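Letters go in sequence order (proteins before strands), and every chain restarts at 1. Note that the structure is predicted; figures quoted are calculated from it, not measured. Atoms considered below: every heavy atom in the structure, side chains included; atoms not considered: hydrogens, waters and symmetry mates.
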Amino acid sequence: TVGAVAVDSAGNVAAATSTGGMTNKNFNRIGDTPIIGAGTYANNATCAVSCTGHGEFFIRSVVAYDISCLIEYKGYTLQEACEEVVLNKLIKIGGEGGLIAVNPAGDIALTFNSEGMYRACKRNDEQTILGIYKN
Amino acid sequence: MQNIAIAIHGGAGTITKNTLTTTQEIAFNAALKQAVEAGHRLLAKGGTALDAVELAVTILEDEPLFNAGRGSVFTKAGKHEMDAALMCGKTMAAGAVAGVRGIKNPIKLTRAILEKSDNVMLSGYGAEEFAREHAIEFAPESYFYDAYRYQQWCEVRDTNLFLMDHTEQREQKFG
């Protein structure tokens, strides 16, 4: 799975996700990617999110929208919301994977509970950050 | 001044220092850098977030290292079935596709659905028909073939197991 989230100079956010699914998948299985709110979500009032991982768990937890809700209704920061969902809620039900998120202020979160996640980000004129493994 | 920012991912899984060679690590980092910096350049020129995420994902879809577009994994039937979604935070408009085959860049199809359809999510043959009507590019099956993905599939195709993007078979061997 691949994905991107961004905030532009007008403060608008957007999210995109694309995937080939899971190796050996059957019965026209689809994962969380195309399900708005589960694997992909964007709202200028809160954030934009793109997920990757074991889709069935992300669907059941409505992960992307859940993060937006924690920000909107509970006042969480972007980072707090992402950690609550990925490192707490998802782990409790055995959901492996991660996500990227950005908010209209330009904050970025790259959160995952698996051993690694291919990831990169760049804000303003800051250096490009690349990562593969945990830490 | 308003901050501009972009983040991308290329999948998650059991990725450790032991599972990647130095050459592979360099290749992954180069692909990630190319995609994120292309998206950032577009934002820096005043482009929209929607255009930036579409561009970054298109670049990642064209890269066989990642499980999307050209690098899509094999299904039980030995085919490639792709899903994608795109959402704009300003308008809350969204476009999504599920289970499409032969579409070179599924993310471009989601953009067409977002802008030119009253629907949010299309699937299967219907989505492919919509793609043809809107001049979305198709690619032959050979375009999606990748030797590494094929080997991954061969290891599990006679089982009921399915694997995440970058998951290694550590304990089970299948003859």
Side-chain angles (χ1 to χ4, degrees), chain A residues 1-26 28 30-31 33-36 39-44 48 50 52-54 96-98 100-102 105-106 108 110 112 114-124 128 130 132-133, chain B residues 2-16 28-29 32-33 36-37 39-40 43 46 48-50 52-54 56-57 60-61 66-68 72-76 80-90 94 96-99 106-107 121 152-153 156-157 162-165:
Chain A
T1 307
V2 304
V5 293
V7 55
D8 59 32
S9 56
N12 298 317
V13 299
T17 317
S18 182
T19 188
M22 297 176 100
T23 300
N24 212 37
K25 77 186 179 104
N26 208 355
N28 299 119
I30 64 160
T33 294
I35 299 176
I36 300 299
T40 306
Y41 187 71
N43 182 346
N44 269 8
S50 170
T52 177
H54 199 152
E96 184 185 3
I100 53 172
V102 67
I108 295 171
L110 312 165
F112 56 100
S114 48
E115 290 179 65
M117 180 172 83
Y118 295 104
R119 59 199 187 276
C121 64
K122 185 172 177 66
R123 183 168 55 179
N124 299 329
T128 301
L130 303 170
I132 297 177
Y133 316 109
Chain B
Q2 169 66 42
N3 289 319
I4 58 167
I6 182 167
I8 64 169
H9 69 74
T14 52
I15 314 159
T16 66
F28 274 108
N29 278 327
L32 290 167
K33 191 169 192 284
V36 78
E37 292 187 348
H40 184 270
L43 291 172
T48 67
L50 200 61
V53 295
E54 183 187 351
V57 167
L60 294 169
E61 283 179 339
F66 302 109
N67 174 23
S72 291
V73 297
F74 287 82
T75 66
K76 183 79 175 173
H80 306 280
E81 245 175 39
M82 297 167 283
D83 310 326
L86 179 69
M87 186 164 184
C88 172
K90 179 184 178 186
V97 289
I107 200 67
M121 187 175 175
Q152 273 187 323
W153 174 59
V156 292
R157 68 181 173 184
F162 47 90
L163 304 177
M164 246 168 65
D165 287 17

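- Between B:Gln2 and A:Val7, the closest side-chain pair of non-hydrogen atoms falls below 4.5 Å.
- Chain B forms the most heavy-atom pairs under 4.5 Å with one residue out of A:Gly31, A:Ala101, A:Gly53, and that residue is A:Gly53.
- Heavy-atom pairs under 4.5 Å with chain B were tallied for A:Arg119, A:Lys25, A:His54; the largest tally goes to A:Lys25.
- The choice from A:Ala10, A:Cys121, A:Ala105, A:Ala120 that makes the most heavy-atom pairs within less than 4.5 Å of chain B is A:Ala120.
- The candidate from A:Ser18, A:Ser9, A:Ser114 with the greatest count of non-hydrogen atom pairs under 4.5 Å with chain B is A:Ser18.
- The most heavy-atom pairs under 4.5 Å with chain A, out of B:Asn29, B:Leu86, B:Asp83, come from B:Asp83.
- The structure places CG of B:Asn67 at 6.5 Å from OG1 of A:Thr23, a figure rounded to the nearest 0.5 Å.
- When atom types are taken as modelled, the side chain of A:Asp8 and the backbone of B:Ala49 share a donor-acceptor pair closer than 3.5 angstrom.
- With sequence neighbours left out, the side-chain hydrogen bond (donor to acceptor under 3.5 Å, both in side chains) criterion links A:Ser50 to A:Thr17, B:His9.
- For the options B:Ala56, B:Gly39, B:Cys88, B:Pro106, heavy-atom pairs under 4.5 Å to chain A are most numerous at B:Cys88.
- If you tally non-hydrogen atom pairs under 4.5 Å between each of A:Asn124, A:Thr40, A:Ile30 and chain B, the highest count goes to A:Asn124.
- Ranked by non-hydrogen atom pairs under 4.5 Å with chain A, the options B:Ala96, B:Ala98, B:Ala5, B:Ala84 are led by B:Ala5.
- Counting all heavy atoms, side chain and backbone alike, A:Ala6 lies closest to B:Leu43 at CB-CD1, 4.1 Å.
- Put simply, of A:Thr19, A:Asn28, A:Val102, the one with the most heavy-atom pairs under 4.5 Å next to chain B is A:Thr19.
- The candidate with the highest count of non-hydrogen atom pairs below 4.5 Å against chain A, out of B:Ala94, B:Ala68, B:Ser72, is B:Ala68.
- Below 30°, between 30° and 60°, or above 60°: for A:Tyr118 and B:Phe28 the angle between ring planes is below 30°, a parallel geometry.
- The OG1 atom of B:Thr16 lies 7.0 Å from the OH atom of A:Tyr133; values are rounded to the nearest 0.5 Å.
- Proximity to chain B is absent for every atom of A:Ala48, based on heavy atoms less than 4.5 angstrom apart.
- Closest heavy-atom contact between A:Ala4 and B:Ile8: CB-CG2, 3.8 Å.
- Heavy-atom minimum distance, B:Val97 versus A:Pro34: O-CB, 3.3 Å.
- Ranked by non-hydrogen atom pairs under 4.5 Å with chain A, the options B:Met82, B:Lys90, B:Lys33 are led by B:Lys90.
- The distance from atom CG of A:Asn43 to atom CE of B:Met87, rounded to the nearest 0.5 Å, is 6.5 Å.
- To the nearest 0.5 Å, atom CG of residue B:Leu32 and atom CD1 of residue A:Ile132 are 6.5 Å apart.
- Put simply, OG1 on A:Thr1 and CG on B:Leu60 are 11.5 Å apart, with the number rounded to the nearest 0.5 Å.
- Residue B:His80: no heavy atom, backbone or side chain, is found under 4.5 Å from chain A.
- Scanning for side-chain hydrogen bond (donor to acceptor under 3.5 Å, both in side chains) contacts around A:Asn24 gives B:Trp153, with sequence neighbours left out.
- For the set B:Glu37, B:Glu61, B:Lys76, B:Met121, the entry with the most heavy-atom pairs within less than 4.5 Å of chain A is B:Lys76.
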